Amino acid sequence: MKFNSGEFIAFLDATTSCQESETIEIAHVSVDSRSLLNDNKTLFFALKGKNHNGHDYIGELIDKGVKYFVVSDHEEWRSQYKTGCFFKVKNTLHALQRSAAFHRLKFDFPVIGITGSKGKTVVKEWLNFLMSEEYRIIKSPKSYNSQTGVPLSVFGIEEKHNLGIFEAGISTQNEMKKLAEIIKPTMGILTAITDEHQEGFDSIDQKIQEKIKLFENATVVFCENDKRITKHIFDKELFTWSFSDSTATVFAKIQGKNLHLIYNGREIEVKVPFDDSMSINNIVICICVLLYLKYPDEIIQQRIMKLYPIEMRLQVKKGVNRCVIIDDAYNADYQSIIIALDFLEKHKTNHAKTIVLSDVFRSDYKETEVYEQIRVLLERHKLTKIIAIGENIGKYLSGLNNMLFFKNTDTFLQKMSIDDFNDETILVKGARSFRFDKIVSLLEEKTHETVLEVDLTAIRHNLNFYRSMLKPETKIMVMVKAFGYGNGSVEIAKLLAHENVNYLGVAFADEGITLRKSGIKTPVIVMNPEFSAFEAMIAYDLEPEIYSVRELNIFLKVAREKNCYNYPVHIKLDTGMHRHGFLVEDLKELVEILKYTNVVEVKSIFSHLSSSDLAEHIGFTLNQIENFQENVCLLTNELAINPIKHILNTSGIFNFPQYQFDMVRLGIGLYGVGNGTEETKCLKNVSTLKTRVMQVKEIAEGQSVGYGRRFKTQRITKIATVPIGYADGIHRSWGNEKGYVIINKQKAMIIGSICMDMLMVDVTDMCCEEGDEVIVFGEELPVVEISSKLNTIPYEILTSISQRVKRIFYEE
Ligand SMILES: *Cc1c(COP(=O)(O)O)cnc(C)c1O
C-alpha cells in the first residue's frame, strides 16, 4: 500500500521527522519486534502494553533495516535514530486502529463482519472455502479478532479484492465501536451467543448490545431468530434463521445429517457432513449468506458436503530425535503461513528450523505472484531446511537453497525416514488435502495415547491476573521448578521470558542449565543449590540462594577461583518456616563475611511464608513478615546495601497484597490453581490430562474386576479399560470407587484397584465406545477436587504426572 506522508500525518494528528511530501510504500504493518518480516517496507507501531513496550526495540529494528515508525514517546528519537522516519502520536494503539480505518475507507466492496461468542473463526473459514471460486477474498488470518488483530487484518486489503470477511471479538464494554469503525461491515453475522467470557459484562443483554454495535452500517444481519437478539436490531434489514420459529427468513429442520430448509416458500434439502449442533448452526449461517448472495441451490448442496473441521490452534508437540513439531497441517493460505513462521521463530527450542510446506492457495493472486511472495518469505526466515511437497510449489520454487522437493505426501513418506530429522524445530504447514497429519504422526514422538495438554494462553491469562494485583513497580519472579509444576519447563519459561518476567526460579542447577541451553536469558535463581553444582552454575549464569554460612563460604571459594566479581546471590532468611535460611542469630557472622568481599553481591534478600493460604494462621504470617522486615533492616544497614526484598508466594500475593516489597514469587497460581475458591475463580485452567478408552466390554453380575478382586459387579456391567495407571502418576488411592474420570461429559467411576499402566471404569449407564476421549483432570474435573478428596494438595497431583506422559502445548 502507498500513502502520502502529509495525508497520513494530518489524519493521525502526528508530528514527523519525515519529508512531508514523501510517498511511502508499505508492504507490511508490524507490532511484533520479533517478526522476521520487519524490513525497510515495514511500518512499525510501537505499542505500549502492560509488560511490553515496543519503543524498547526501535534501535534493534533500525539495525534490521526498518524505516517507518509510529511512536508515542522517546523525545530523543529525532537525534538518536538518524535513519528512521518517525510519526509521533499520542497513543500508538489508537493510531494503529485509525490508520487501518483510513486504509479501509479506500475500498468499496462488500465486507462481512462476524461476531458472537463462539464459531466466528469456523464461519469465516467456511465462507472463504464456499465462496473463493467466485470472489477474491480477504479475510482475517487465524482468529485475528482483537483490538490489534482487527487492524492488522484490515491492512491486508488490496485493490484486487472484491469481498472481505473479518471477525471481531470483544471482552468488555465499549470495545466494539472501534472495531466497527475499522471493519465497516456491509453485512453482519452474529454467531452463537453463550454465557462464556461473561466477566466483562453485567448481563447477556448488555453483551448482545455491545456485540451488535458491529452492525451499525450493515444492512443485513444473519442471526438466530431469537427475541433476545432481534429486539436490539429490529431497525436493520434482517436475515434470520431458526429451528423452531417458522417466521424466520430461513426455517430449518435437521434429521441426522439431512438439513431441510424453507426459504422464500422454496424447499431445499442439504446433506451436511457433521451432526453436532454447533457445526449445524454454523452451517445454517453459511447457507444463509449463500442464499442471500443468490447462490444456486445445487452449488450450495455440493459445497456444503465438502466442509471440513477447522483446527484453530497451532500445536507444539515433542518429536522424534529431540525435534519439536509445530503442527499446522490444516491450511496453507498465505496469511496463515506468515503467522506460523512467526510462531516458529518464537517457539523454536532448537537452533535448526525446518518447514514442511505444501502447495499454497490464494484466490486473490496469480500463482506466479503467490510463489514469489513465498520465496521471499522463506528466504527471509533463514530456514535450515525447506521441504516442499506438491506439483506447483516444486515448479515455482526450484533453486532455493536447502530445499527438498516431493511430488506428494506419499512420496515424502516413502523416501524420508525419521532418521533424517534430528534436533530441529519443524513447522508442518499444509493444506488439508495434502494430509500432512500423516507427516506429523511420523515425526511425533511415539508415546502412548495419554497426553498432558498445556494451554499457554491460560498461563498468560493467569500471569496477567496476578500482575494486575501488583503495584506497577513490583517485580515478579515465576517458579518453574519441578518441570514447571509438572507442565514442562522450557516451553513455559520461553513464554515467561517473552512476557518479561524479572526472574525465573528453579529448584536445582540442572533445571536452570536446561533453560540456558534452550536460549533463555532471563535471570534464574536456584533455590536448592548443591555444592557440587556451583561451578556449572557460574558457567551458566545461574544465581544461588544462600541459606547458610557454610554454603556461602564454599560458594565464595568457587567464585573466587573463577575470578568472579559482584556475582549476584540471594540471601534466604528463615522467619518461621524452618526449612532453610539464616536465623537471627546467624546474621552477625553473615555480615562479617559479606562486608569484606566483592566476589558476590547481595542481589536480593527473601524469606518464605509457611501459611499464606490459611486464614487461621494470619497472626503467624504477620509475625513472619515483621521478623523479615526487622532482619532485612539489620542486614541492609550493616552492609549499606539496597537489594530486592521479597516474601510473597501465590497465595501471599492474593491474601497479603500490602506486603509485596520489591518482588513477589508466583508459583501454583500461574498453573491455574489458587489456594482458595475466590482465587481460583479468577484463573483459567492450564493442564488437561487426557487419554482414550482402550477396550469396552460387558461382564455378568457377580464378577470381580482387577487385582485383589476389590470390586464385584451387582448387575450386568459395562466396563471400559483406560491406559493410564499409577506409573503415570495417578494416585492408587484414587481407585476403588473413590475417584472418577470424565467420558463424553459424564462421570465414570473408577472400579477396582488402579494398576500400574491401566485402570477400569464403570460405563454401564452411559454412552462410551472404544477410542473415546477420557479426561483424568482438567476444566471439567479440577485438580483441586482430586487433591482435596485424596487429602493432599494440588501441587502433589500436578508434579506427580510422570515424564512418560507426553506434554502438548497450544495457544488459542
Ligand atoms: C515454590 C516456591 C514458591 C512458590 O510457591 P507457590 O505457593 O506455588 O506460589 C515461592 N517461593 C519459594 C521459596 C518456593 O520454594
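This structure is a prediction, so every number in the text was calculated from the model and none was measured. One-based numbering along the sequence shown. Just so you know, ligand 1 is whichever comes first in the structure, and atom 1 is the first atom listed for that ligand.
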Geometric class of the His52/His498 ring pair [parallel <30°, tilted 30-60°, perpendicular >60°]: tilted
Between Phe531 and Phe534, what is the ring plane arrangement, given parallel below 30°, perpendicular above 60°, and tilted in between? tilted
Could you check whether Tyr466 and Phe654 have their ring centres less than 6.0 Å apart? no
Please step through ring-ring contact (aromatic ring centres under 6.0 Å, His included) for the pair Phe606 and Phe628, ending with a clear verdict. CA-CA 8 Å; Phe606 72 110; Phe628 177 65; 8.5 Å; no
Does the distance from a Lys or Arg side-chain N to an Asp or Glu carboxylate O, for Asp32 and Lys346, drop under 4.0 Å? yes
Which protein residues have a heavy atom closer than 4.0 Å to any atom of ligand 1, listed by chain and number? Met479, Lys481, Tyr485, Arg579, His608, Asn649, Thr650, Arg665, Gly667, Ile668, Tyr795
Cation-pi between Lys747 and Tyr740: NZ/CZ under 6.0 Å from ring centre and within 45° of the ring axis? yes
